Amino acid sequence: MKKLAVFASGNGTNFDAIADAVQQGQLNAEIVLVVCDRPLAPVIEKARRRGIEVLAFAPKEFGSKAEYETMIIERCRQAQVEFIALAGYMRILSPLMLAAFPQRIVNIHPSLLPAFKGKDAIGQAIAYGVKVMGVTIHYVDETMDGGQIIAQRAFDVLPQWSHEEIEQQVHAIEHELYPQTLRQLWEE
Ligand code: GAR
């Protein structure tokens, strides 16, 4: 059974989807830690309700990224974390973190990478007027939303869809694709 840490900054709907897959026996893993860089983010309450250990911290209270990442790595080691899934964690990892878990950190991003990296990828895609959108899961490197692609799923954007409807479609795909991709990765 893989000991998994989920890193998130926001609502945590992808965290919930992974946790549901674990609970339903669809994913041979245990979420041993949730790491969150926004102490008021809804994902924290979601994790605590499931009885999962949470490491919540405010980056501004640390002198540097190296300082808080050292603290995260230490907590991951204590929890015997083997694999890390970024699920809406809106920070770039430093080489320190990447070296601690080589080829063991993946991310989900709401676009067909390499298009629309960074914040508000859905808004960027809508502003560009693309007719096909999608979701990408990839290994993480030291660049923003960069690293080897593992899985992608695309969908057609219907002309009448609102921003909200597109977002719902993205989330529906993410919540299915993330647990499924983790399962496939660990079976290899
Ligand atoms: C997800 O759509 C995820 O793809 C995106 O943040 C959202 C988090 O939602 N991640 C990125 O934009 C990474 N650059 P959630 O908190 O409900 O899971």
Side-chain angles (χ1 to χ4, degrees), residues 4-23 26-27 29 31 33-50 52 54-59 65 69 72 83-94 97-98 101 105-128 130 132-155 157 161-182 185:
L4 175 68
V6 177
F7 287 25
S9 303
N11 281 332
T13 65
N14 280 284
F15 156 74
D16 253 347
I18 296 168
D20 282 345
V22 169
Q23 212 166 356
Q26 293 159 4
L27 204 50
I31 304 176
L33 186 65
V34 166
V35 173
C36 181
D37 62 323
R38 291 196 187 139
L40 297 174
V43 67
I44 295 173
E45 191 47 38
K46 285 192 169 90
R48 291 205 171 120
R49 247 185 276 135
R50 289 177 184 268
I52 296 171
V54 174
L55 167 57
F57 68 100
K65 179 176 277 201
E69 283 196 348
I72 296 173
F83 203 93
I84 295 171
L86 308 186
Y89 185 68
M90 304 307 273
R91 283 180 188 277
I92 296 171
L93 303 185
S94 84
M97 189 80 214
L98 297 170
F101 295 93
I105 308 178
V106 297
N107 179 43
I108 190 161
H109 185 72
S111 79
L112 293 172
L113 289 172
F116 309 122
K117 295 180 175 185
K119 285 188 186 151
D120 191 23
I122 297 172
Q124 291 182 54
I126 292 170
Y128 207 90
V130 298
V132 176
M133 289 174 63
V135 169
T136 303
I137 294 168
H138 61 97
Y139 284 107
V140 173
D141 68 14
E142 67 286 351
T143 64
M144 185 173 59
D145 298 315
Q148 186 198 336
I149 289 175
I150 303 164
Q152 286 186 310
R153 194 171 293 169
F155 63 92
V157 181
W161 278 357
S162 65
H163 190 298
E164 201 187 352
E165 285 169 311
I166 293 172
E167 214 165 78
Q168 280 168 6
Q169 179 68 18
V170 165
H171 279 298
I173 291 173
E174 288 187 331
H175 299 164
E176 193 184 297
L177 190 64
Y178 215 174
Q180 182 188 312
T181 304
L182 290 174
L185 262 184

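Predicted, not measured: the structure shown is a model, and the values here were computed from it. For ligands, and for the atoms within them, numbers begin at 1 and follow the listed sequence.
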Considering only protein heavy atoms, which is closest to atom 16 (O) of ligand 1, and at what distance to one decimal place?
-> G12 N, 2.8 Å
Identify the protein heavy atom lying closest to atom 5 (C) of ligand 1, giving its residue, its atom name and the separation to 0.1 Å.
-> P110 CD, 3.6 Å
Can you pull out the closest protein heavy atom to atom 6 (O) of ligand 1? Residue, atom name and distance to 0.1 Å, please.
-> G88 CA, 3.6 Å
Heavy-atom gap M90 to ligand 1 smaller than 4.0 Å | yes
With a 4.0 Å cut-off on heavy atoms, is H171 touching ligand 1?
-> yes
With sequence neighbours excluded, tell me which residues meet ring pair (Phe, Tyr, Trp, His ring centres under 6.0 Å) with H175.
-> H171
Of the protein's non-hydrogen atoms, which lies at the shortest distance from atom 4 (O) of ligand 1, and what is that distance?
-> E174 OE2, 2.4 Å
T13 and N11 side chains, donor-acceptor separation under 3.5 Å | no
Is there a side-chain contact between V140 and M97, using heavy atoms and a 4.5 Å cut-off?
-> no
Kindly give the heavy-atom pair with the smallest separation between A87 and A8, and that separation in Å.
-> O-CB, 3.3 Å
pair L182-V106: side-chain heavy atoms closer than 4.5 Å = yes
Does the side chain of L185 come within less than 4.5 Å of Y139's, by heavy atoms?
-> yes
For D145, counting its heavy atoms only, list the atoms of ligand 1 lying under 4.0 Å from any of them.
-> 13 (C), 14 (N)
Kindly give the heavy-atom pair with the smallest separation between Q23 and R50, and that separation in Å.
-> OE1-NH1, 2.9 Å
Atom 10 (N) of ligand 1: nearest protein contact (heavy atom, Å) = I108 O, 3.6 Å
Taking only heavy atoms of N11 into account, list the atoms of ligand 1 that are under 4.0 Å away from them.
-> 16 (O), 17 (O)
Can you tell me which residue and heavy atom of the protein come closest to atom 13 (C) of ligand 1, and the distance to 0.1 Å?
-> H109 ND1, 3.5 Å
min-distance protein heavy atom vs atom 17 (O) of ligand 1 -> T13 OG1, 2.5 Å
State, with a plain yes or no, whether a side-chain heavy atom of F155 is found less than 4.5 Å away from one of V132.
-> no
